[in-house]
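Beneath this line is the structure, given in structure tokens, with notes to follow.
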Amino acid sequence: MSMNDRYEPKSIEPRWQRRWEEAGAFRAGRRPSAQKRYVLEMFPYPSGAMHMGHGRVYTIGDALARYLRMRGFDVLHPIGFDALGLPAENAAIKDGRHPAERTRENIVAFRGEMKRLGYSFDWDREISTCDAEYYRWNQWFFVKMLERGIVHRREGKANWCTGCETVIANEQVVDGDRCERCESPVVQKVIPEWAFKITAFAQELLDGLDQLGEWPERITTMQRNWIGKSVGAEVDFAIPGAPPLKVFTTRVDTIFGCTYVVLAPEHPLVEQVTTSERRAEVRAFVDRMRKTDAIDRMGENGPKEGVFTGAHAVNPYDGQKVPVWIANFVLAEYGTGAVMSVPAHDQRDFEFARKYGLPIRVVVQPAKGEKLPAGDALERAFTEDGVLEASGPWTALGSAQARDRMAAEAAAKGFGEATVRWHLRDWGFSRQRYWGTPIPIVYCPEHGAVPVPEDQLPVVLPEKAVITGKGEPPLAKVPEFVNTTCPRCGKPARREVETMDTFVDSSWYYARYLSPHDDRRPFDPEAARRWLPVDTYVGGPEHAVMHLLYFRFWHRVMRRLGLVHEDEPCRRLVTQGIVNGPDGRKMSKRWGNVVTPGPMVDRYGADTLRLFILFAAPPEKDIDWSDEQVEGLFRFLARVWRLFHARQDCFQARDAALAEAAGDFLELRRRTHRTIKKCTESFEGELKFNTGIAALMELVNALYGLEPKADAERAAVREALVALATLLAPFAPHVAEELWHEVLGAAARERLLSDAAWPAFDPALVAADTVTIAVQVNGKLRGEVQAPVSAGEAEVRALAEAEERVKAHLAGKTVRKVVFVPRRLVNFVVG
RNA sequence: GGGCGGGUGGCGAAACUGGCAAACGCACUGGACUUAGGAUCCAGCGCCGCAAGGCUUGGGGGUUCGAGUCCCCCCCCGCCCACCA
């Protein structure tokens, strides 16, 4: 038995990886006259070693990139490292190792594993965000955005992570009060910080979603909700002896039904308006609310609690006085921190009113159907639009029209206006951390915050790091860094010691790949014209409202700077599912169910691992790791391997003989061409690699049943083998190269399969000439007949009626109707 | 509470515009080859039934000659958001 008879991935994979590299097979820009495709996967944060989730994203993207290259496109498929961030710094606190050192090591490990998996990256374009060569452009963008007023310094409440001891964005708070990265409790703290005015782009970012037809709908919906536009009106309620109370409402049409107003416990007017006899009770309530965590107070279905302040406010529309309450469910941060309550038309208000015996007044009736009973008899709030009643001059108007007119009235009379509220907050990006991009600002006693001029960038992160995770930011503890001179007047000054959120790094890296070593600008706008937008972006859905919103924002900023020209950074988004452990639970040390790519490649080879990942399910679905399935896919590749070696006698067969193929071998040719079609379709539209691979398996199964003898038969087998190797290339590229070279021999010596053309199918062979037609009687399957594709109803009906089983079911019945679907079925409806 | 996905054999999954449900793989069963088989090849494999036949895509109803697919009601699971006025 020769060595070649056993499938040994270890002996073939490194060889082809070397050949690809030597040939520069995956360099972008090799086909300047061809159409471009930009395939991007979210770059990894290089913590420890690669895990299976990484294996999945890059395998999905790589299959697509390899396919597109074979289709003749000029493909850009880059990779880099999201190298700055908290985990490296937290680890440094534990063991004292410098984040840079650790990160470098991790990158080396990651790069090694990625190469072993055979990913077709253009490694010449590799970037790391921790290089000054990269982050200097973060600083450059910062300065440009500061000039344009997109960056501002704000003094405000911020989320303060008690674990990281750093400010984090609203968008990074999870579970109400947990840090997204370290899961420590988050508290509110007043702190000065730098922020991007992403809210100024809210409308654009919302409108842009309509262009993202190739994004999963659930992602665009999540962004829509996150941006959270609500159109409404701000209305002033007068309180004697106090400033007017501003309330925000989306339902100003219901304001004649307002029977009380409610303030957040933290509302600044609370102290002022509370009457002396109510004071003690109000204070007790406010204190209690302060002590309760936000999560408890606003948690699911918590009791709605409130207390009367003793004050009254005047509804400006009808002059009615309504009581002023405070309650736990009103959020100080949202809107104006005060709401008008219309119990008849808001369920929450309804429940509150019932609990505290406040009046309920119906002012909107359903446009059709039964009228609502009076407030006291109401069973639940009627919250839909309808027709106004008992609403002064607006009575009988529809809700929508009433809202417009009533807001206009408020503006005309000066007690309010139509407004828009957004859920989206500005993106605070100051971090009291070391391992990030220094914010290029100098504080001068005379000139205040002065941006570092462009020609003095980058502000390099000092190598010396004092990382304790406590007290002042690490950079504040490095005097050589802190002490500088003012760029404007030259006098002694102090540098900003905060660094940027690492979401800044990932907001524009896709553009840096276009000219990764450019030292005059963040990237070459000419290259951007060729390559942007990204055609397919692959990554996890957990980034739906952070990274994926930030990079859309940044793209728009870059457009304002004249660097890019489209509205959106990326055309199609593919969100891949999780790889769970064999037990179906999320992989975790805690469960001891972690499987990593490295050992799997050692054991089965990269091709088997890749095939498993792609075959288990379509990309979007979660999959469970399965040792048995992996074994099965290894066996499949070994089976393919043996097939080629058992059919070496066919390698020399000539295509000229193909036309003579008949019988089983004509069937084989048909199957070959159908497989090409099926496999091609698995890359177009929705990615469905699992069915493409299944088609290859069917072709292999068919080949195992055939013993070619004549020339034409050998030619048909050779045709199938060549197609099989070629179609396998995006999924299992190493074994595909090996077998392709074996079957083609000298003809392919200097070439690479990775560079070869994707096969075309012959439509004449894909179209069958006879088909199996199902025969039903009253919708139930009673037999099947073979008929020519072109067979008409009469012909098929005659064939069907000749079938014994069909005859039995038709016996003694009258055929009332015959339904005929060409090429598919015939259905006798009998009575 | 809201939004978005899902629910198909023992398991992972297929099924184009409504047209033979379960392709392909795993597991399992039988056979062949073999000193041996945890290798390989061949065959079987939704459920009930000896069979003829009947039943089957979370449950119930509907539209249709025909429904996994369309419509209505309900149940369950996952993810995201959440007292958003």
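The same atom, C1', is picked in B/C28 and in B/G19; the two are 33 Å apart, to the nearest Å. Rounded to whole Å, the separation between the C1' atoms of B/A82 and B/G66 comes to 44 Å. For the C1' atoms, the distance from B/C73 to B/G25 is 38 Å, rounded to whole Å. B/G6 and B/G10: their P atoms are spaced 23 Å apart (whole Å). For the C1' atom pair drawn from B/A14 and B/U29, the interatomic distance equals 24 Å after rounding to whole Å. A gap of 12 Å separates the P atoms of B/G68 and B/A22, to the nearest Å. Annotation: B/A27 and B/U40 have their P atoms spaced 10 Å apart (nearest Å). The same atom, P, is picked in B/C79 and in B/A15; the two are 25 Å apart, to the nearest Å.
Closest approach to the A/T221 side chain among B/G19, B/G12, B/C4 is made by B/C4 (side chain taken as heavy atoms from C-beta onward). Of the candidate nucleotides B/G19, B/C26, B/C80, B/C26 has the atom lying nearest to any side-chain atom of A/Q629. Nearest nucleotide to the side chain of A/M222, out of B/C80, B/C65, B/A14: B/C80. Taking every side-chain heavy atom of A/E628 into account, B/A27 is the closest of B/A27, B/A13, B/A85. Closest to the side chain of A/L331, out of B/C84, B/C20, B/A13, is B/C84. Distance from the side chain of A/A617 is smallest for B/A13 among the nucleotides B/C84, B/C24, B/A13. With distances taken from any side-chain atom of A/P618 to the nucleotides B/A13, B/G19, B/A82, the minimum falls on B/A13. Of the candidates B/G25, B/C84, B/C20, the closest approach to any side-chain atom of A/Q776 belongs to B/C20. Side-chain proximity of A/V821 to the nucleotides B/A82, B/G19, B/C80 is greatest for B/G19.
Annotated stems with RNA chain B as a participant read B:1-7 with B:75-81, B:10-12 with B:24-26, B:28-32 with B:40-44, B:46-48 with B:53-55, B:58-62 with B:70-74, given as range with range, by first number; only runs of 3 or more Watson-Crick or G-U pairs under 3.5 Å qualify.
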What pairs of nitrogen or oxygen atoms, one from the protein and one from nucleotides 69-71 of chain B, lie under 3.5 Å apart?
none

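Using a 4.0 Å cut-off, no side-chain N or O of A/N827 falls inside it from OP1 or OP2 of B/G19. Between A/K688 and the phosphate of B/A15, there is a side-chain N or O to OP1/OP2 separation shorter than 4.0 Å.
Crowding of A/E542 atom CD: a count of heavy atoms from other residues, nucleotides or ligands under 6.0 Å exceeding 12. Within 6.0 Å of CD on A/Q786 lie more than 12 heavy atoms contributed by other residues, nucleotides or ligands.
Aromatic ring centroids of A/F237 and A/F248 lie 6.0 Å or more apart. Ring centroid separation for the pair A/F615 and A/F731 does not come in under the 6.0 Å cut-off. The six-membered or imidazole ring of A/Y604 lies away from that of A/F612, with a centre-to-centre distance of 6.0 Å or more. Between A/W427 and A/F503, a ring centre-to-centre spacing not shorter than 6.0 Å is recorded.
A/K229 and A/Q203 are linked by a side-chain donor-acceptor pair at a separation below 3.5 angstrom, with hydrogens and angles left out of the test. Using a 3.5 Å distance cut-off with no hydrogens or angles, the side chains of A/N701 and A/R639 do pair a donor with an acceptor.
The separation between A/K817 atom NZ and B/G66 atom C1' is 10 Å, rounded to whole Å. Summarising the geometry, the separation between CG on A/L810 and P on B/C65 is reported as 18 Å, rounded to the nearest angstrom. Spacing between atom CH2 of A/W215 and atom P of B/C4 amounts to 18 Å, rounded to whole angstrom units. B/C24 atom C1' lies 13 Å from atom CG of A/L699, rounded to whole Å. Atom P of nucleotide B/A67 and atom CG of A/N778 are separated by 12 Å, given to the nearest angstrom. Computed from coordinates, the A/I227 CD1 to B/C81 P distance equals 15 Å when rounded to whole Å. We find that CZ of A/R816 is positioned 13 Å from P of B/G66, with the value rounded to whole Å. Distance A/D624 CG to B/C26 C1': 13 Å, rounded to the nearest Å.
Residues A/L696 and A/E698 have side chains not in contact (no heavy-atom distance under 4.5 Å, counting atoms from C-beta outward). Annotation: side chain of A/E217 is in contact with side chain of A/T220 (closest heavy-atom distance under 4.5 Å). The closest side-chain heavy-atom distance from A/T691 to A/K678 is below 4.5 Å.
A cation-pi arrangement is not found for A/R797 relative to A/F820, the charged atom failing to lie both closer than 6.0 Å to the ring centre and inside a 45° cone about the ring normal. Cation-pi check for A/R361 over A/F256 is not met; the charged atom does not lie both under 6.0 angstrom from the ring centroid and within 45 degrees of its normal.
Counting distance only, with no hydrogens placed and no angle test, the side-chain atoms of A/R251 and the base atoms of B/A85 include no donor-acceptor pair under 3.5 Å.
With its glycosidic angle within 90° of 0, B/G9 adopts the syn conformation.
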In the 5'-to-3' direction, what one-character label does each nucleotide of nucleotides 40-55 of chain B receive under the scheme B = base within less than 4.0 Å of a protein heavy atom, S = sugar-phosphate only, - = no such atom? SSS-----------SS

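Residue A/V819 is the one, among A/T249 and A/V819, whose nearest nucleotide of RNA chain B lies closer to the 5' end (criterion: closest heavy atom). For A/N225 and A/G632, each mapped to the nucleotide of RNA chain B holding its nearest heavy atom, the one lying further toward the 5' end belongs to A/N225.
Ring-plane geometry between A/H645 and A/W641 is classed as tilted, the angle between the planes lying from 30 to 60 degrees on a 0 to 90 degree scale. Ring geometry for A/Y356 versus A/W325: interplanar angle of 30 to 60°, hence tilted.
Nucleic acid contact for A/T772: base, since at least one base atom lies under 4.0 Å from a heavy atom of the residue. Residue A/V339 is classed as a base contact, given a heavy-atom separation below 4.0 Å to a base. Counting non-hydrogen atoms under 4.0 angstrom, A/D349 reaches nothing in the nucleic acid.
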